[in-house]
Amino acid sequence: MKPSVLNFWLASCLVLSTSPAGRELPVRDDVDRAIRASGADVAVAFRTLDGRDELFIQPDAQFHAASTMKVPVMIELFRQARARALSLDDQVPVVNEFHSIVDGSTYKLDVADDSDAEVYKRAGKTMAYRELCEAMITVSSNLAANLLIEHLGPKNIQRTTDALGAGGMHLLRGVEDGKAFQKGLNNTTSARALLTLMEKIALGQAVDEAASAEMVAVLKRQTFNDRIPAGLPSGTVVAHKTGEITRIQHDAAIVYAPRPFVLVVLIRGLDDPKKGSALAADIARIVYAACAELSAPLSMSSALEVPPADRRF
């Protein structure tokens, strides 16, 4: 796609996304039924990137963010790279020692509680910011996330998140800060806040077009795909970030359907994570089918060609 055409389409989406609310996707009853049958507490935020159709269920309820908080960490990393405060290829010492936000005391992560062990194997060596970002998003490495959060600064991450209009995302600290947890100082988010961040990335407005394109490429390499992607037709391209802790299963996705959309599903209260994953997939299946049914021939799929992801800085 020619840059001029892409820029026109992005500008059109910006106008639509800041205009009055679109029509509600006519599947509220179906989604509510699936939620009630599960027994979970669920928030849903859905909007097509053309701004025409949307669905919000408990969009501003606060949930433990789990690993979805890694999305604003990634955005802040690219923002600081664009501001030349760092280079994505700068090397960072890999250490497993972090500071509690309560009193500055140190704590360590347990590899047994992490979803990835590879970063721990690099302890005493270095990794590039780019490598840490890849591990943080695609395999949800907590060690990589904590290293980035300490170097970028939680307050900087929050400031950028607020500036993007996602004030419902509250990032206070890294993972496994036990003293903070005991005091109830947790990272939290709303479905609306995550939808806002994912929309900004999808529309090339998170930092800038080139940075957004590279973030989309990282999100597409997500390896945990049993939630939103599992409810979509085979071959559907999805850029997303999951989050999971005890009784929490989340997913926030840009779905490159014939009419691209963002879908966020936040789930809490289920002991069996497989049931949470199945519920997220069911909700994705419902909204995808409804969106496809309502779609006019918009040629949207060809319009949403993300700029090449090899523009690095």
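Counting from 1, the numbers follow the sequence of the chain as shown.
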[atom1] of [X] to [atom2] of [Y]: how many Å apart, nearest 0.5 Å?
{"X": "D53", "Y": "F261", "atom1": "CG", "atom2": "CZ", "result": "11.0 Å"}
{"X": "D272", "Y": "L279", "atom1": "CG", "atom2": "CG", "result": "12.0 Å"}
{"X": "Y288", "Y": "L263", "atom1": "OH", "atom2": "CG", "result": "13.0 Å"}
{"X": "D30", "Y": "L25", "atom1": "CG", "atom2": "CG", "result": "9.5 Å"}
{"X": "R82", "Y": "L77", "atom1": "CZ", "atom2": "CG", "result": "12.5 Å"}
{"X": "K179", "Y": "D103", "atom1": "NZ", "atom2": "CG", "result": "3.5 Å"}

Could you tell me if [Y] and [X] have a donor-acceptor pair between their side chains, going purely by distance under 3.5 Å?
{"X": "S100", "Y": "D177", "answer": "yes"}
{"X": "E76", "Y": "T160", "answer": "yes"}
{"X": "N146", "Y": "E150", "answer": "no"}
{"X": "N187", "Y": "K70", "answer": "no"}

Worksheet item: Under 4.5 Å between side-chain heavy atoms, hopping through other hydrophobics if needed: is there a path connecting V139 to I245?
Response: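 Shared cluster, no.
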
I'd like to know if the side chain of [X] reaches the main chain of [Y], judged simply by a donor and an acceptor atom lying under 3.5 Å from each other, with no hydrogens or angles considered.
{"X": "D162", "Y": "R159", "result": "no"}
{"X": "Q158", "Y": "L171", "result": "yes"}
{"X": "R285", "Y": "A289", "result": "no"}

Worksheet entry | Residue from S141, S115, S140 passing side chain to side chain donor-acceptor pair (under 3.5 Å) with S67 |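 The passing option is S140.
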
